[in-house]
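Okay, structure first, notes after.
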Amino acid sequence: MRATSIGHAGILIETEAGSIVCDPWFVPAFFGSWFVFPRNDRLSDDLRERIENADYLYITHLHADHHDEPFLREHFRRDIPILLPGYPTREQQRTLAKLGFTNFIRTEDKVEMELAPGLTIAIHTEVSITDGPGGDSAMVVSDGETRIVNQNDCRTTDLAALGAHGPVDLHWIQYSGAIWYPMVYEYPDDMMRTLVDNKVESQFTRAMRYVDTLNPRYVVPSAGPPAFLDDDLWHLNVINGDELSIFPDQRSFMKRLADGGHHGILAIPGTEIEITPDDVTVTHPMPDDDVERIFSEKEQYLRQYQADWKPWLDDLKASWNPPSTDLIATLKAWWEPLLRMAPTLRGAVGANCLIRTGDLEILIDFPNGEVRPFDGEEYEFRFTIPRALVETVAAQKAVDWSNSLLLSARFSAWRAGDFNEYLYNFFKSLSVERMRRTEAEAIRKLNPPTETEPEIELGDYVVQRRCPHRNADLAVFGEIESTDDGDVLVCTLHGWKFDCDTGRCLTSTDHPLRIRRR
């Protein structure tokens, strides 16, 4: 089996029985904020032909650094068989069908499927609203002799199921940042330094926990980081290592893998990894010294990349001037019916949110389910976003502002208290279908069933099996840390922390943990 990196989370998997192209991303995403790193605009003609003529297409989820709509529209035959994750809604299929695709193979969560003699897949789905209401997924591919786990940035909570298909030869996994937090928040530099360092450590710890559990023969760091080529966002590139950014590159995680006794493979776009039961062969598309210079001379590399794409970026930014509209009336008509659908979510947000966009100030009154002009009311959340960007996503009636707007990091934010996942879940769920699921999840989390799984033991403590944040298995992701203020339980899936004496969540409000000493 041969796995070729095509950039970011993109992989071309080729076997004697057929080939699968996964998450081909080439057109910069999120209002031109994210570019593929290292760059993949210089792939060989042979590789591009193999990508475009693959036997199957697999898109893990609908985020634009995986679901590259312009590339999908222009570079694949309309009847290519598309491997669909078994999501509870048909949103992904409808989205792809709008691009003209006609041939869909719907899979069942975690169930192996033989595509052809000698080519078996199993797609694992995550469907928490935090993953995006459209879901996220990972795929296991086997040719009968070797096995690849393409986990990309899917934060699966069931590692036992992911590893149940058999020994893993090659594990592709995200380790770097893929969020706007904390960089967009209005924090002093010393606090930002602490938050960034904690976030990076959480990312690495989570990835290492996956690797340690699956114990693959080889690991390929993938699905990030992006490159930020706009001067307004240049500071998000980690070049020297001391930047206030959660986007470290492959070098840092390769070291963590080695320190943990694992074999990492550095892949750039065009790197081919041939894997057999007995051997692995890695072939880069350029001499090893040139690969090394991408990272050792990273600023020079990025500046050339920036210069090459500047005309494209300038043209894109010039297009961010849609006709001015009555934006408040547009959002009011769109959002108030959705707010009425979600009383539990509104109560969980529990405060007003102010959106400042140009000279316009819009208040989302979550307690009362209203959208109106700001008139000096108190608020606990604030976003400051360029008017042209808000106008653009409003004109598109984008149902997931996390994907369409917030991941661009082209905004600033402030909050009075702790992180509130329900606020962000609202912005991810701007359609009737999505809001219905978001409200149901809020009810499930805030009014959980009385029947629970058996408790587990962690160190000196007995604790509930599932993390109250996203139901991660604490038997896998839970760790007890001793601090000057007492013991803390850390869920390493996302780095959430809980006081071991009280069960109080130290990361957010309203997420208590059931825990006691043995």
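These values consider heavy atoms only, across backbone and side chains, with no hydrogens, waters or symmetry-generated copies. Fair warning: this is a prediction, and the values are worked out from it, not measured in the lab.
Side-chain contact annotation: Y210 with T156, donor-acceptor N/O pair under 3.5 Å absent. Remark: the Q396 side chain and the T392 side chain contain no N/O donor-acceptor pair separated by less than 3.5 Å. The closest side-chain donor-acceptor pair between D418 and S508, if any, does not fall under 3.5 angstrom. For the residue pair N471 / T157, no side-chain donor-acceptor distance below 3.5 Å is found, with atom types taken as modelled. A donor and an acceptor atom, one from each side chain of D41 and W309, are located under 3.5 Å apart. Between D65 and H8, the side chains place a donor N or O and an acceptor N or O closer than 3.5 Å (distance only, hydrogens not considered). Using a 3.5 Å distance cut-off with no hydrogens or angles, the side chains of H66 and D153 do pair a donor with an acceptor. Side chains of R303 and Q306: a donor on one and an acceptor on the other come within 3.5 Å. A donor-acceptor contact under 3.5 angstrom links the side chains of S33 and R410, judged on distance only.
Using cut-offs of 30° and 60° for the angle between ring planes, the F71 and H75 rings count as parallel. A perpendicular orientation is assigned to the rings of Y187 and Y181, their planes being inclined by more than 60° (bins at 30° and 60°). Taking the six-membered ring where tryptophan is involved, the planes of F37 and Y301 are perpendicular, since the angle between them exceeds 60° and thus also 30°.
In terms of heavy-atom proximity, L430 sits nearest to W334 at O-NE1, 3.1 Å. Nearest approach of L345 to E439, heavy atoms of both residues: N-OE1, 3.0 Å. Contact detail for L236 and S245: the closest heavy-atom pair is O-OG, 2.6 Å. Residue P367 comes nearest to N352 through the heavy atom pair CD-OD1, 4.0 Å, listed as atom of the first residue, atom of the second, then distance. Residues G270 and L47 approach most closely at CA-CD2, 3.9 Å, considering heavy atoms. The two residues A394 and L331 have their closest heavy-atom pair at CB-CD2, 4.4 Å.
A distance below 6.0 Å separates the ring centres of W320 and F31. The ring of F35 has its center no closer than 6.0 angstrom to the ring center of F228. Centroid-to-centroid, the aromatic rings of F366 and Y422 stay 6.0 Å apart or farther. In this structure, W401 has its ring center under 6.0 Å from that of W335.
Interatomic distance, I294 CD1 to D249 CG, rounded to the nearest 0.5 Å: 10.5 Å. The CG atom of L302 sits 10.0 Å away from atom CZ of R39, with the distance rounded to the nearest 0.5 Å. Remark: N103 CG to I105 CD1 distance equals 6.0 Å, nearest 0.5 Å. Within the model, atoms CG of L96 and CZ of R78 stand 9.5 Å from one another, a figure rounded to the nearest 0.5 Å. Atom CD1 of I385 is separated from atom CD1 of I362 by 9.0 Å, given to the nearest 0.5 angstrom.
A salt bridge does not link E421 with K428: every distance from a Lys NZ or Arg NE/NH1/NH2 to an Asp or Glu carboxylate oxygen is 4.0 Å or more. A salt bridge is absent between E433 and R437; no separation between the charged side-chain nitrogens and carboxylate oxygens falls under 4.0 Å. Note on D365 versus R372: salt bridge recorded, some NZ/NE/NH1/NH2 to OD/OE distance being below 4.0 Å. One finds a salt bridge joining D197 and R193 here, because a Lys/Arg side-chain nitrogen approaches an Asp/Glu carboxylate oxygen to under 4.0 Å. In this structure, D55 does not pair ionically with R50, as no charged nitrogen and carboxylate oxygen lie closer than 4.0 Å. Between K317 and D232 there is a salt bridge, with a side-chain nitrogen of the basic residue lying less than 4.0 Å from a carboxylate oxygen of the acidic one.
Side-chain N or O atoms of Y87 include none that pairs as donor or acceptor with a backbone N or O of Q92 at under 3.5 Å. No donor-acceptor pair under 3.5 Å is formed between the side chain of K199 and the backbone N or O of G495. The main-chain N or O of I246 is found under 3.5 Å from a side-chain atom of Q203 such that the two form a donor-acceptor pair. Checking side-chain atoms of N237 against main-chain N and O of K298 turns up no donor-acceptor pair under 3.5 Å. A donor-acceptor pair under 3.5 Å is formed between the side chain of S431 and the backbone N or O of R434. Between the side chain of T95 and the backbone N or O of E91, at least one donor-acceptor pair lies under 3.5 Å. Counting only distance, with no hydrogens or angles, the side chain of N403 and the backbone of H63 share no donor-acceptor pair below 3.5 Å. Although no hydrogens or angles enter the test, the distance criterion places a donor-acceptor pair under 3.5 Å between the side chain of D400 and the main chain of S402.
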*For I6 and N40, run side-chain contact (heavy atoms from CB on, under 4.5 Å): C-alpha distance rounded to whole Å, both residues' side-chain angles, the deciding distance at 0.1 Å, then the answer.*
CA-CA 7 Å; I6 58 177; N40 65 350; 5.5 Å; no
*asked:* For a side-chain contact (heavy atoms from CB on, under 4.5 Å) check, start with the C-alpha distance between F383 and C353, then their side-chain angles and the critical distance, and finish with the verdict.
replied: CA-CA 8 Å; F383 297 97; C353 174; 3.6 Å; yes
*asked:* One pair to check against side-chain contact (heavy atoms from CB on, under 4.5 Å): L474 and R466. What are the steps and the verdict?
replied: CA-CA 6 Å; L474 293 176; R466 298 287 170 177; over 6 Å; no
*For ring pair (Phe, Tyr, Trp, His ring centres under 6.0 Å), just list the numbers for W496 and F477, CA-CA rounded to whole Å, side-chain angles, deciding distance to a tenth of an Å, and then say yes or no.*
CA-CA 10 Å; W496 282 45; F477 292 101; over 10 Å; no
_Trace of the salt bridge (Lys or Arg N to Asp or Glu O under 4.0 Å) decision for K310 with D230_ = CA-CA 8 Å; K310 187 177 186 303; D230 190 334; over 6 Å; no
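Each of R382, R387, R356 was compared with E361 under the salt bridge (charged side-chain N to carboxylate O under 4.0 Å, His left out) criterion, and only R356 meets it. When each of L354, V349, I364, I355 is tested with F381 by the rule side-chain contact (heavy atoms from CB on, under 4.5 Å), just one qualifies, namely V349.
Within 6.0 Å of CD in E74 there are more than 12 heavy atoms belonging to other residues, nucleotides or ligands. Within a 6.0 Å radius of CD in E186, other residues, nucleotides and ligands contribute more than 12 heavy atoms. In this structure, E377 places its CD atom where more than 12 heavy-atom neighbours from other residues, nucleotides or ligands lie under 6.0 Å away.
Looking at residues two or more places apart in sequence or on another chain, you find a side-chain contact (heavy atoms from CB on, under 4.5 Å) between P337 and R340. Every residue meeting the side-chain contact (heavy atoms from CB on, under 4.5 Å) condition with V111, not counting sequence neighbours, appears here in chain and number order: E108.
Remark: R48 qualifies as a cation-pi partner of F26 under the 6.0 Å distance and 45° angle criteria applied to the six-membered ring.
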